[in-house]
Structure formats: structure tokens, C-alpha cells
Amino acid sequence: MSRKIAGFLIILGAFMIFEWVNLGFNLADGHPTAFYVVHGILIAVNIVLAVVLGVIGWRGLRGASVKGRRGDAG
């Protein structure tokens, strides 16, 4: 994985966490319980996906830097 792709995945994961946590805090009062349950599930799933993307990006970034130090071609 290239350093650009790895960096993009890390930034995307951080943005997703910021975006969904912000949405969770900005939900207005007065909705039915089902609304909060559905949005809570959406927030939880997207935060898990963001963490997975961040971990993949971090491993890709670390792998790219190790390959660069050893001089491996691929």
C-alpha cells in the first residue's frame, strides 16, 4: 500500500469519527425512541468502520516505512 493511500485512510477514519460523534451530540430532543436507537446503531457501526480504516491505514503506513528503510522493491 502506498503512503498516500495509507495517509488517506487514516485521515478518512479520523474524519468519520469526528463527523459521527458530532452528529450524536447534535441530535435534537423530542424524537421517538426508535429514532435514537437507529441513529445510535448507525453511529456505533460507522465509528467501528472508522477505527478499522484507521488501523489498516496505520499498518499500511508502518509497512511502507519499513519497506523504504530496507530498500525492498515491492
Side-chain angles (χ1 to χ4, degrees):
M1 175 181 313
S2 72
R3 293 179 62 87
K4 285 183 182 181
I5 302 257
F8 173 75
L9 289 176
I10 292 170
I11 291 170
L12 179 63
F15 174 75
M16 286 176 65
I17 290 173
F18 171 76
E19 177 185 13
W20 284 98
V21 169
N22 192 27
L23 173 74
F25 283 120
N26 287 330
L27 290 176
D29 292 334
H31 294 285
T33 304
F35 175 85
Y36 293 112
V37 170
V38 168
H39 282 82
I41 292 169
L42 285 172
I43 290 168
V45 167
N46 277 288
I47 288 177
V48 168
L49 289 173
V51 168
V52 169
L53 288 175
V55 168
I56 291 170
W58 181 254
R59 287 183 179 175
L61 193 62
R62 288 184 59 211
S65 65
V66 170
K67 283 183 181 180
R69 278 187 275 162
R70 284 191 279 161
D72 292 343

Answer yes if [X] and [Y] sit in the same cluster of Ile, Leu, Val, Met, Phe, Trp and Tyr residues linked by side chain heavy atoms under 4.5 Å apart, and no otherwise.
X     : Y     : answer
Leu23 : Tyr36 : yes
Phe15 : Leu9  : no
Phe35 : Leu42 : yes
Ile11 : Leu49 : no
Ile41 : Met16 : yes

Handout entry: Any pair counted as side-chain hydrogen bond (donor to acceptor under 3.5 Å, both in side chains), so long as it reaches residues 10-27, sequence neighbours left out
Key = Asn22-Asn26
Fill in the blank from the handout: Taking every heavy atom of Gly60 against every heavy atom of Ala6, the minimum-distance pair comes out as C-CB, 3.9 Å
Problem - Nearest non-hydrogen partners of Gly13 and Ala50, listed with the distance - result: O-CB, 3.4 Å
Handout entry: Neighbour count >12 (heavy atoms, 6.0 Å) for atom CZ, Phe18
Key = no
Exercise for the section: Answer yes or no: does atom CZ of Phe8 have more than 12 heavy-atom neighbours from other residues, nucleotides or ligands under 6.0 Å? Expected result: no
Fill in the blank from the handout: Residue pairs passing the ring pair (Phe, Tyr, Trp, His ring centres under 6.0 Å) test with at least one member in residues 43-62, sequence neighbours excluded, are none
Problem - Passing option when Arg59 is tested against Val55, Leu61, Ile56 for side chain to side chain contact (heavy atoms under 4.5 Å, CB included) - result: Val55
Handout entry: Partners meeting side chain to side chain donor-acceptor pair (under 3.5 Å) with Asp29 (sequence neighbours left out)
Key = none
Completion exercise
dist Ile17:CD1 -> Asn46:CG (nearest 0.5 Å) comes out at 10.5 Å
